[in-house]
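A, B, ... follow the sequence lines: proteins, then strands. Residue 1 opens every chain. Please read these numbers as outputs of a predicted model, since none were measured by experiment.
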Amino acid sequence: MPDRYEPKQIEPKWQDIWDHERTWEISNEPGDERPKSYVLEMLPYPSGEPHIGHLKTYSVGDAVAHFRRRNGYRVLHPMGYDAFGLPAENHAIRTGQHPRESTQASIEEFRRQFRAWGVSIDWSREFATCDPEYYRWTQWLFLRLFERDLAYRQNAAVNWCPKDATVLANEQVIDGRCERCGTLVEPRDLEQWFFRITSYADRLLEDMTDIDWPSNVVAMQRNWIGRSEGAEVKFRCEHLDTDYAVFTTRPDTLFGATFFVMAPEHPDVPKLNDSAEVQEYVRRALTESAEERGVEDREKTGVALGHTVTNPVSGEEIPMYVADYVLMEYGTGAIMAVPAHDERDFDFAQKHGLEVRRVIEGDELPYRGDGPMVSSGRFDGTHNREAFGQIVDWLGSEGNGEPAVNYRLRDWLLSRQRYWGCPIPIVHCAKCGLVAVPDDQLPVELPDVEDYAPKGKSPLAAAEDWVRTDCPTCGGEARRETDTMDTFVDSSWYFMRYCDARNDTAPWDPDVLREWMPVDQYIGGVEHAILHLMYARFFTKALADLGLVCFQEPFSRLFTQGMVTRDGAKMSKSKGNVVSPRTYVERYGADTARCYILFVGHPIDGADWSDEGVEGVHRFLARLWRAAAEAPDADNEPAGDPSALVRKAHWAIDKVTRDLGDRFATHTSISAVMELVNDVHRMRESADPSHVRFAVATAASLVFPFAPHLGSEVYEQLTGRRVWEEPWPEADASLLEADTFQLIVQLNGKLIDRIEAPSGVEREEQERLALGSERLASRLNGGEIVKTIVVPGKLVNFVVK
RNA sequence: GCGGAUGUGGCGGAAUUGGUAGACGCGCCGGCUUUAGGUGCCGGUGGCUUCGGUCGUGGGGGUUCGAGUCCCUCCAUCCGCACCA
């Protein structure tokens, strides 16, 4: 074994072995009785080359995968690429290079680096979501949802960039502007495809109790769904002879509703008032970007409509307004305004000189708290919480309202007017309408086009030969849908495809899927806390309803890692502080880069990259290497009585097992191995040779999940065996406790002495030993001990007056 | 505003059930080795100190024999959502 640690020598060696022997492949064949564990990191979006965030994700995931394998699990640990999407298309617009080519190049770079990192991936299941063999089944699943009316087409307001002449996805709108050209985005009404995720709002909420996810992610999803309970109340408008329903979470304040407000988009606004003033107000509101309109402390503007509605509880006529602080998308697009108990209504009332009528006693107005009701007819004196239900019941009995629930969540707009995405497998027929492409004609392949530039419709529309087709139903002339799917559709089911990735007759074999799903441990960045994780949950539930899967939740446990920064700032090309994993892997080796990112702190927290810190970790690995290179010839089984070094090795086993297994604490796991290696160097002259070898082999075994190449090499050098084939070591509980311990002597809770005491002493003996402390005697100074607290094996505290 | 978190040396961070605060690493200081060194190794390293001690985990209060840890309160920072009725 060479004296120097040379990662460049050993890392490729082990990578080749794992490659040629297909070490990390796992079979779907029955017969393996070990329990399954599906460990999955979020699939990367292949753009350019991997960044530090990827290194972190896959380092954490790989540590977990290795740990579970060696703890007797049959581990599925696959890899793929989320390969459709905008960056490749933008690149194509700039360079003319086909997105398939740039994406392919990027995938190869990712694959190359993942191998260079030594991540234990089952490569036999690899795919990219842009492969026709994959998106064929994305289309197939889309059609299943379409058949159940869970996918539908409808007019919707979308973000439109007037300069690029294209519809933008929400994520392409940055601060109300087009991310590409910076032009202010406008709203437009266009026909779009949607998934009916809102039908699943309650189940998406309720089932979060069944999964082990971080509280902040659960909270974010809960927030995003935004369930509000309240009532729908009818307000009669005699002028148009209509009842307007409004949603309110505060039916108890109904007596305080002194005016009524409609959103500018409300279709009845022109019918109520077509004056130039109203038209101008609506026009301005509609052309304003969502961003401008959304500023909270903005002045409350609005125009009176000149008509009234009847407050159903008081019979009072209250004036109608149009104002842009009311949103068409939420509730019914109209509200009852209770200025005394709502800040926004209060601001509007102040500005427009409207009556503010208190109906709940309490602090100054606007008052949002609880209290007894006033000016509320028969409910006067009742506490508002109590009146809440009573008023709803009363409204119901009069036919003026009913309990209602509203959600912030909207249906998922999935169509994109873009080239580089999965084609929507639908045909438009003048006679038959929307017709599904038959399953046996899937995939609807993405055709090659010359021009990817946006023109206000999908670039696919220019592929006339492709667009023109026959109607599968009537055989007549028809045209293909030219929109493509949001890439989040592709990533909403990829984890199921891994289970049976080469199946070409179905997206998966249900028996195989049942074997592996759900994912036992999902790992990824918190930036996907809402969209991806919500969509994947929705897909799973919808597929469960279709009988295609037999579980309700895709990811039993979720781990979200913190972001990696540099000098405290988010890494970005414009700041010039981007750290490329490649640089460090080339300079120090993959093991160092991986260990460093796992050592800076708990992976759940953010980490700031520091070059000095990398050096430190590299020194540690080199020290472990040297300990092995200098290990004396001897047996690996510790001979004779256990020494302090053997005890330390068992302590490290225990520590790493609990830290890594229970709480993903990779940083303290690695520090435990560091302590063990430090002790080896400290004691290697004095300890029995077999003890030294045992300690070094143990260190290699424990470091393997974090530094697989070094772990394998050192372990093999010492034992001749392959560390990944060895079961995870078990700590001998009897060796975790030393013969003696440091007995802490406290006086009034303050430390004053430490005494060497034999382990397992009786309480009385422990107290007696503590009393023997000279420092105690000198400090007691004749004072009277009024109480003695003995914590066995730890301390004795004397309480003195 | 609502929701979620975090606050410990010069820095990243330990302390898992209330029981030795600062493990491990960086940096710094001193020493040794060497073929030069910014390499390697060994030792030290919270503040103050009259070297006895004493103060110390964002501030203030409380519970307890004992609080970084539990409770109340205030402050600061970060993240998500936000004119959602």
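Rounded to an integer number of Å, the gap from Met220(A) CE to C78(B) P is 16 Å. Atom CZ of Phe599(A) is separated from atom P of A14(B) by 10 Å (rounded to the nearest Å). Distance, Glu630(A) CD to C41(B) C1': 11 Å, rounded to whole Å. As a whole-Å value, the separation of Met563(A) CE from A5(B) C1' is 14 Å. Straight-line distance from the CH2 atom of Trp609(A) to the P atom of C26(B): 15 Å, rounded to whole Å.
Rounded to whole Å, the P atom of A14(B) lies 14 Å from the corresponding atom of G58(B). G22(B) sits 12 Å from G68(B) when the P atoms are compared, rounded to a whole Å. Across the C1' atoms, A15(B) and U57(B) are found 11 Å apart, a figure rounded to whole Å. Comparing the P positions of C79(B) and G13(B) gives a spacing of 16 Å, expressed to the nearest Å. For the P atoms, the distance from C55(B) to C2(B) is 40 Å, rounded to whole Å. Using atom C1' as the reference point in both G80(B) and G27(B), the two lie 35 Å apart (nearest Å). When the P atom is compared between U8(B) and U45(B), the two are found 23 Å apart, to the nearest whole Å. Comparing the P positions of C11(B) and G47(B) gives a spacing of 12 Å, expressed to the nearest Å.
Searching all strands for a Watson-Crick or G-U wobble partner of G22(B) with both distances below 3.5 Å returns nothing. Base pairing analysis places U57(B) opposite nothing; no Watson-Crick or G-U wobble pair with both distances below 3.5 Å involves it. A 3.5 Å limit on both hydrogen-bonding distances identifies no Watson-Crick or G-U partner for U63(B). Pairing for G43(B) goes to C29(B), judged as Watson-Crick or G-U wobble with the two contacts each under 3.5 Å. Across all strands shown, A15(B) has no partner, as no Watson-Crick or G-U wobble contact with both distances under 3.5 Å is found. Here G7(B) sits opposite C75(B) as a Watson-Crick or G-U wobble pair (both hydrogen-bonding atom distances under 3.5 Å). The pairing partner recorded for C2(B) is G80(B), the criterion being a Watson-Crick or G-U wobble arrangement whose two distances lie under 3.5 angstrom.
Side-chain N/O atoms of Asn223(A) and base N/O atoms of C81(B) include no donor-acceptor pair closer than 3.5 Å.
Sorted by residue number, the members of residues 652-665 of chain A with any non-hydrogen atom under 4.0 Å from RNA chain B read Lys655(A), Arg658(A), Asp659(A), Arg663(A).
Residue Thr668(A) places its side chain closer to A23(B) than to any other of A23(B), G25(B), A85(B). Nearest nucleotide to the side chain of Thr249(A), out of C83(B), A85(B), C24(B): A85(B). Closest to the side chain of Ile530(A), from the set G25(B), G80(B), C41(B), is G80(B). Relative to the side chain of Gln746(A), the nucleotides G19(B), A21(B), G53(B) differ in distance, and G19(B) lies closest. Of the candidates G27(B), A14(B), A85(B), A85(B) carries the atom nearest the Thr248(A) side chain, counting heavy atoms from C-beta on. Between A82(B), G19(B), G25(B), one nucleotide has an atom nearer to the side chain of Met674(A) than all others, and that is G25(B). Closest to the Arg408(A) side chain, of the nucleotides C65(B), A82(B), G25(B), is A82(B). Of the candidate nucleotides C81(B), G19(B), G4(B), C81(B) has the atom lying nearest to any side-chain atom of Trp224(A). Which of G3(B), A85(B), C83(B) sits closest to the side chain of Ala219(A) comes down to G3(B). Ranking G19(B), C83(B), G1(B) by closeness to the Arg368(A) side chain, first place goes to G1(B).
Nearest-nucleotide assignment on RNA chain B puts the 5′-proximal partner with Gly601(A), out of Ile335(A) and Gly601(A). Of the two residues contacting RNA chain B, namely Ser215(A) and Thr332(A), the nearest-nucleotide position lying further toward the 5' end is that of Ser215(A).
Checked by atom type, the side-chain pair Asn223(A)/Arg408(A) shows no donor-acceptor distance below 3.5 Å. For the 3.5 Å distance criterion, the side chains of Thr301(A) and Tyr281(A) qualify, holding a donor opposite an acceptor.
Using a 4.0 Å cut-off between charged nitrogen and carboxylate oxygen, Arg658(A) and Asp662(A) do not count as a salt-bridge pair. Salt-bridge annotation for Asp202(A) and Arg227(A): present, with a side-chain N of the basic residue lying under 4.0 Å from a carboxylate O of the acidic one.
Contact between the side-chain N/O atoms of His667(A) and the OP1/OP2 oxygens of G25(B) is not found at any separation under 4.0 Å. Arg626(A) has a side-chain polar atom (N or O) that falls below the 4.0 Å cut-off from OP1 or OP2 of C41(B). Contact check, Arg775(A) against G52(B): no side-chain N or O comes under 4.0 Å of OP1 or OP2. Distances shorter than 4.0 Å separate some side-chain N or O of Arg619(A) from OP1 or OP2 on C26(B). Neither OP1 nor OP2 of G18(B) sits under 4.0 Å from any side-chain N or O of Lys794(A). Between G25(B) and Asn678(A), a contact under 4.0 Å exists linking OP1 or OP2 to a side-chain N or O.
In this structure, Tyr367(A) and His341(A) have perpendicular ring planes: the angle between them is above 60°, well past the 30° mark. Using the six-membered ring where Trp is involved, Phe664(A) and Phe559(A) have ring planes that are parallel, under 30° apart on the 30 and 60° scheme. Between Trp609(A) and Tyr584(A), the ring planes lie perpendicular to each other; the angle is over 60°, past the 30° to 60° tilted range. The aromatic rings of Tyr325(A) and Phe348(A) sit tilted relative to each other, their planes meeting at an angle between 30° and 60°.
Residue contacts shown for Val791(A) include a base, since a base heavy atom lies under 4.0 Å away. Residue-level contact check: Gly616(A) touches the backbone only, with heavy atoms under 4.0 Å from sugar-phosphate atoms and none from bases. Residue contacts for Arg779(A): at a heavy-atom cut-off of 4.0 Å it reaches the sugar-phosphate backbone alone, with no base atom in range. As judged by a 4.0 angstrom heavy-atom cut-off over every strand, Ser228(A) is placed among residues touching the sugar-phosphate backbone only. Nucleic acid contact for Arg410(A): base, since at least one base atom lies under 4.0 Å from a heavy atom of the residue.
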For this session: Could you check Ser759(A) against Asp739(A) for side-chain hydrogen bond (donor to acceptor under 3.5 Å, both in side chains), going step by step and ending with a plain yes or no?
Result: CA-CA 5 Å; Ser759(A) 301; Asp739(A) 300 337; over 6 Å; no
Problem set entry | Trace of the side-chain hydrogen bond (donor to acceptor under 3.5 Å, both in side chains) decision for Ser228(A) with Asn406(A) | CA-CA 5 Å; Ser228(A) 301; Asn406(A) 244 282; over 6 Å; no
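Its glycosidic angle being more than 90° from 0, G60(B) falls on the anti side. For G7(B), the base is anti relative to its sugar; the glycosidic angle deviates from 0 by more than 90°.
Residues forming a salt bridge (charged side-chain N to carboxylate O under 4.0 Å, His left out) with Arg368(A) (at least two apart in sequence, or on another chain): Glu343(A).
By the 6.0 Å and 45° rule, Arg537(A) stacks over the aromatic ring of Trp213(A).
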